[in-house]
Student: 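Dumping the structure here so I can ask a few things about it.
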Amino acid sequence: MIRMIKRGKMSKRKSVVIRLLAVIFALVIFAILIRVMDLNPLDVYVALVKGAFGSVYRIREVIIKSTALVITSLGIAIAFKMQFWNIGGEGQIFMGAFAASYIALNYPELPKPLLLTLMIIAGMIGGGLWALIPAFFKAQWKTNETIMTLMMNYIALKWVMYLQYGPWKDPMALGFPKIANFSANAILPKVFGIHIGWIFALLLVVLVSVFFNHSKKGYEITVLGESENTALYAGIDIKKTILVAMFISGALCGLTGMIQASALNNTLSIDVSGGLGFTAIITTWLAFLKPFFILIVSILFAALLQGGSFIQTAFGIPQAAAELLQGMILFFVLASEFFIRYKLVMNRHQVANEKKGDN
Amino acid sequence: MNTMMVAFLANTIISGTPLLFATLGEIITERVGNLNLGVEGMMLMGAVSGFYVGLTTQSSLLALIAAMLAGGSGALIYAILTVSFRTNQVVTGLALTIFGTGVSGFMGQSLVGKVTPDAVKAVFKPVVVPILGEIPYIGEIFFQQDIFIYLSYIMVVLVGIYLYKTRLGLNLRAVGENPAAADAASINVSLYKYAHILLGGALCGLGGAYLSLVYVPAWQDNITAGRGWIAVALVIFAAWNPYKALVGSYLFGGLDIIGFRIQGTGFPVSQYIIDMLPYLVTIIVLVVASLKKSKKNAPPKALGVPYFREER
């Protein structure tokens, strides 16, 4: 009879290999799907890579996309580390973009460094406060945060729609429902042809890594995520930890919103997020919530998205194929975690021996 | 009660029906101890498959079967991962939603703008139930609807009887409350989980098909627009009870269409603000539910916890 037993600690390299195998499995299944569509999977994958890295312009696009993914994923990771299922990245991005836009539209003549700094602060506070609402209810009454953060995404989206179609509608746009563009001072500068956000992203990878591994709060978040009881016995202020962690989580998502609005859209619109909050959940999970891995996985995913839109035009494969592939990768990686935590053994006798071996 | 009000309430039933199917499905799933956040994904899979089959075969029955199979196959992926592979239920459900959104976008690209064929429409046109349909008000609201809606009434009663009045239902609730005890009483925990997660997925698929085949009735991208998530919240609102799910679904169905209605009356509030209502009310419901933690309305005890026989 096949039985499963818990493994001892698996080497890091082996667990990375297992996850990589899972991704390859997903790619193979996807290749079969492409084959069914009467296309050559190899051609499609080559085109995918070309579409992502084939020219300077495309590489820049990938970096722009990964910048937003990295920062959002770092935010999500802080919440997930605490087992707080923040599905509200999308809404926090919107509210960060909203707050930053409020500054940009009302004080367009401020000197550039001051205006941008204010916008960044406003964006982070906007996203942070939006995340603080579910955090408060979770801390106070254990209200289900998954659904609450999700519902708040829709409210944030409707809020931006309301502004775009209502009070903030640009009267100069000839009736077209859009918000006026920011002044030049409110647009993030470029470094090496790419908006400065990528430097923020790299800095934040280091900062969040230090926060997780070398700060008291980061440690408390980890303990709380592993066991609430342990946290309680260790004298950790659970409520405060939830509030602080979620504020930081939302603030990072809000920063993404500010960057998207300022550098890419040059204004606030319902397109500032475009599903980032959800994609970031996958990247965060694939990166085992570790900042450095988040950087790598985000670049790969950004490449997948960028390449995905390229194969759409080249082969007529629907854009949704990228989402399909994301879902499949996540399924396989989730399943692979089982093999990291457990191993299957054939009979009872063996189980007894294994147990002895483990002790 | 004037005719406008009656018409509004009758429409409330229509817009609440996709929610009702999905909520019933999720109730069954959660009762057996699994929190499946993939409702949105399964609804989308059901919506696109039902619509595709309805369009190509002109058969409403085949369309419904396809929708159930599609929702069920989404649930099967979820069941394999969470029951056999013991994965994190929250993340797995999210993955299913992303996957289902991808499937519907992928399959639906060639369907955008296509309308439900007349042969299918004819099957789902309103039918007046004899006697019941003639009751003033009540009849007009509840019993002059299409057969899909009558199916939902039947489902509510069936699920209610199944959960509370049958041996199988008792066993299923036992699995959700305390799988180790159920296992000790020689209930096959994994089988119960698989069967009911699949059943739940099939119901979500039906909810999606109602949207694409009857409610809209045409294909549009992301046709569910977050209804799957509202269904997840409705389960909490309904305290895992199928009869309360009926009330909740219609309440939210009403909130869903009220913005559009108010727009026509010149009420001085933006449509977008009113569109926030269902989500806002869901949040209020969540908070209120977490405030009063009565034993009667508590979630199944083992909800979200994977069961390891080996670790007993």
Side-chain angles (χ1 to χ4, degrees), chain A residues 3-6 33 80 83 85 87 133-134 137-138 140-148 150-155 157-167 275 278-279 281-282 285 317-331 333-339 341-342 351, chain B residues 35 37 40-41 77-78 80-82 84-88 90-110 221 225-226 229-230 232-233 235-236 270-276 278-283 285-291 293 299 308-311:
Chain A
R3 298 172 60 83
M4 53 173 209
I5 55 168
K6 242 191 183 128
L33 187 74
F80 275 23
Q83 303 257 338
W85 304 110
I87 315 301
I133 300 170
F137 286 106
K138 172 80 174 182
Q140 206 66 26
W141 295 295
K142 296 193 183 314
T143 307
N144 183 317
E145 77 280 10
T146 316
I147 298 167
M148 186 148 175
L150 199 106
M151 291 297 124
M152 291 177 69
N153 286 343
Y154 290 102
I155 295 177
L157 171 69
K158 298 284 177 194
W159 174 245
V160 174
M161 277 173 114
Y162 164 70
L163 294 173
Q164 187 174 335
Y165 288 82
F278 294 106
T279 312
I281 292 167
I282 311 179
W285 193 262
I317 296 173
Q319 175 88 54
E323 245 166 333
L324 203 66
L325 184 56
Q326 284 177 21
M328 290 201 296
I329 291 176
L330 195 50
F331 282 149
V333 170
L334 282 167
S336 77
E337 279 169 11
F338 174 79
F339 296 100
R341 278 178 295 147
Y342 302 92
V351 173
Chain B
L35 176 69
L37 295 182
E40 178 90 356
I77 299 174
Y78 171 86
I80 292 172
L81 288 171
T82 57
S84 296
F85 288 115
R86 274 85 171 170
T87 58
N88 180 305
V90 173
V91 180
T92 310
L94 286 172
L96 179 54
T97 289
I98 293 165
F99 178 75
T101 312
V103 170
S104 83
F106 194 82
M107 283 176 68
Q109 198 179 43
S110 57
D221 207 31
W229 292 105
I230 291 186
V232 175
V235 174
I236 300 172
S270 162
Q271 181 196 340
Y272 301 104
I273 300 293
I274 294 165
D275 281 347
M276 291 177 187
Y279 311 108
L280 211 57
V281 173
T282 307
I283 290 175
V285 165
L286 272 177
V287 171
V288 171
S290 61
L291 274 177
K293 282 207 162 51
F308 295 87
R309 189 176 206 176
E310 281 78 359
E311 285 180 5

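Lettering follows sequence order; numbering is per chain, from 1. In this text the structure is predicted, and so the values were computed from the model without any measurement.
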Student: Need one label for B:Ile230: side chain, backbone, both or neither, based on atoms under 4.5 Å from any heavy atom in chain A.
Tutor: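 Both backbone and side chain of B:Ile230 come within 4.5 Å of chain A.
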Student: Which of the residues A:Met151, A:Met152, A:Gln326, A:Met148 is involved in the greatest number of heavy-atom pairs with chain B at under 4.5 angstrom?
Tutor: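 Between A:Met151, A:Met152, A:Gln326, A:Met148, the count favours A:Met151.
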Student: Check whether A:Ile87 gets within reach of chain B through its side chain, its backbone, both or neither, counting any heavy atom under 4.5 Å.
Tutor: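 Just the side chain, heavy atoms under 4.5 Å.
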Student: How far apart are the closest heavy atoms of B:Asn88 and B:Val91, and which atoms are they?
Tutor: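 That would be OD1-N, 3.1 Å.
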Student: Among A:Phe80, A:Phe137, A:Trp85, which has the most heavy-atom pairs under 4.5 Å with chain B?
Tutor: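 That would be A:Trp85.
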Student: Ignoring hydrogens, what is the shortest heavy-atom contact between B:Ala95 and A:Leu330? Give both atom names and the distance.
Tutor: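 Closest approach of B:Ala95 to A:Leu330: CB-CD2, 3.4 Å.
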Student: Are any side-chain N or O atoms of B:Thr92 and backbone N or O atoms of A:Leu334, one a donor and one an acceptor, separated by less than 3.5 Å?
Tutor: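 Answer holds: no.
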Student: Do A:Leu33 and A:Leu324 come within less than 4.5 Å of each other through their side chains, counting heavy atoms only?
Tutor: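 Yes - at least one pair of side-chain heavy atoms lies under 4.5 Å apart.
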Student: Identify the two heavy atoms, one from A:Thr143 and one from B:Ser290, that lie closest to each other, and give their separation to 0.1 Å.
Tutor: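 That would be OG1-OG, 2.7 Å.
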Student: Do side-chain atoms of A:Asn144 reach the backbone of B:Leu286 as a donor and acceptor pair under 3.5 angstrom?
Tutor: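 Checked: no pair found.
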Student: Relative to chain B, which segment of A:Ile155 carries a heavy atom at a distance below 4.5 Å: side chain, backbone, both, or neither?
Tutor: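 For A:Ile155, the contact with chain B is made by backbone and side chain together.
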Student: May I ask you to name which of A:Met328, A:Glu337, A:Lys158 has the most heavy-atom pairs under 4.5 Å with chain B?
Tutor: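 Looking at each of A:Met328, A:Glu337, A:Lys158 in turn, A:Lys158 comes out on top.
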Student: Heavy-atom distances under 4.5 Å only: say whether B:Leu94 touches chain A with side chain, backbone, both or neither.
Tutor: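 Only the side chain of B:Leu94 comes within 4.5 Å of chain A.
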Student: Determine the option with the most heavy-atom pairs under 4.5 angstrom with chain B, choosing from A:Ile147, A:Ile282, A:Thr146.
Tutor: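 Looking at each option in turn, the highest pair count goes to A:Ile147.
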Student: Select, from B:Ile273, B:Val103, B:Thr101, B:Val232, the one with the greatest count of heavy-atom pairs under 4.5 Å involving chain A.
Tutor: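 Looking at each of B:Ile273, B:Val103, B:Thr101, B:Val232 in turn, B:Ile273 comes out on top.
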Student: So, do B:Phe85 and A:Phe338 have ring centers that fall under 6.0 Å from each other?
Tutor: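 Yes.
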